[in-house]
Amino acid sequence: MQESVSQKIQKLRNILKNKIKGNIADIFIIGSSIKNKLIPRDFDLIVLFREKSLKEAEERLFDIKESLKVKDLHVEPLFADEILEEGIIFTILHEGFSVKKNMFLYGLTKLNSYSIFSFTLGNLSKINKVRFAQTLYGRNKDGLLYNEKGISLGQGSFMVPIEREEIFKELMGKWEVKYKYKKAFVKD
């Protein structure tokens, strides 16, 4: 029996958990592997170091790569004293999964992280507009949007939990719907 993607990711998390010691404060998983993509393209990690030591960082990153044995693995260091200077911090806050805490970082802030989509159906035929709407919204709020805990924001826009973002990007691509999306924090 073949392992599911979620089983593989859980195994990788367990290996990574054992790497959090000494100068490594945490390891964050980001990207498609954490956002419920059916077939993730790669596995992206950010390793947070307490103190800046390039030699140690290089050795620890090499050790992590060797331990995981993942084909398309991207591992980047992040040093605590430079965290606010790096553009990656917003990605980590919105979609980062903390291996140490075993939860998404936005959960630690008591905020919910969403992707807000706006779209236009101008390029679709009338029948495909109806089919797309039924796929997205359903007939009685039983469509993909509601099944994935999304929220309609009005005509041509909705928001979904950040970890469901890839599902909706794939949907838009499949239907060739023109769309834009942005990330936002929402407090209940």
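A quick note: this is a predicted structure, and the numbers were derived from the prediction, not measured.
- Between Thr91 atom OG1 and Leu105 atom CG the span is 11.5 Å, to the nearest 0.5 Å.
- The closest side-chain heavy-atom distance from Arg13 to Phe97 is below 4.5 Å.
- Under a 3.5 Å cut-off, the side chain of Asn123 and the backbone N or O of Val177 do not form any donor-acceptor pair.
- Contact record, Val75 with Leu73: CG2-CG, 3.6 Å, taken as the closest heavy-atom pair.
- To the nearest 0.5 angstrom, Ser98 atom OG is 13.0 Å from Ile46 atom CD1.
- Looking at every heavy atom in both residues, Gly96 comes nearest to Ile30 through CA-CG2, 3.8 Å.
- Contact record, Phe158 with Ser152: CB-CA, 4.0 Å, taken as the closest heavy-atom pair.
- Taking the side chain as every heavy atom from C-beta outward, Leu68 and Leu45 approach each other to under 4.5 Å.
- Taken to the nearest 0.5 Å, the CD atom of Glu170 stands 10.5 Å off from the CG atom of Leu144.
- The same ILVMFWY cluster, assembled from side-chain heavy atoms under 4.5 Å apart, contains both Tyr146 and Phe117.
- For Gln134, the CD atom is densely surrounded, since the number of other residues' heavy atoms within 6.0 Å is greater than 12.
- In this structure, the side chain of Glu163 does not engage the main chain of Glu95 through any donor-acceptor pair within 3.5 Å.
- A distance of 8.0 Å separates OH of Tyr181 from CD1 of Ile162, quoted to the nearest 0.5 Å.
- Of the possible donor and acceptor atoms, one in the side chain of Arg60 sits under 3.5 Å from a partner among the backbone N and O of Lys19.
- Within a 6.0 Å sphere centred on NZ of Lys17, other residues, nucleotides and ligands contribute more than 12 heavy atoms.
- Rounding to the nearest 0.5 Å places CE of Met159 at 10.0 Å from CG of Leu145.
- In this structure the side chain of Met172 reaches within 4.5 angstrom of the side chain of Phe132, judged on heavy atoms.
- One finds the CG atom of Leu171 at 12.5 Å from the CD atom of Glu166 (value rounded to the nearest 0.5 Å).
- Ring to ring, Phe104 and His94 are not that close: their centroids are 6.0 angstrom or more apart.
- Contact of the Val47 side chain with the Pro77 side chain is not registered, since no non-hydrogen atoms from C-beta on lie closer than 4.5 Å.
- Although no hydrogens or angles enter the test, the distance criterion places no donor-acceptor pair under 3.5 Å between the side chain of Asp26 and the main chain of Leu48.
- With respect to Glu58 and Lys55, no salt bridge is recorded, no charged nitrogen being found less than 4.0 Å from a carboxylate O.
- Contact between Ser113 and Tyr106 at its shortest, heavy atoms only, is CB-CD2, 3.4 Å.
- For the pair Lys100 and Ile20, the minimum side-chain heavy-atom distance is below 4.5 Å.
- Remark: side-chain polar atoms of Lys69 are paired, donor with acceptor, to backbone N or O of Glu66 under 3.5 angstrom.
- Taking each heavy atom of Ser157 and Tyr137 in turn, the nearest pair found is O-OH, 4.4 Å.
- Considering only heavy atoms from C-beta on, Ile88 stays 4.5 Å or farther from Glu76 through its side chain.
- Taking the six-membered ring wherever Trp is involved, the centroid distance between the rings of Phe168 and Phe119 does not fall below 6.0 Å.
- In plain terms, the two heavy atoms of Phe79 and Lys52 that are nearest each other are CD2-CA, 3.5 Å.
- Listed by chain and residue number, nothing satisfies the side chain to side chain contact (heavy atoms under 4.5 Å, CB included) test with Leu84 (two or more places apart in sequence, or in another chain).
- In the displayed structure, Phe90 atom CZ is contacted under 6.0 Å by at most 12 heavy atoms of other residues, nucleotides or ligands.
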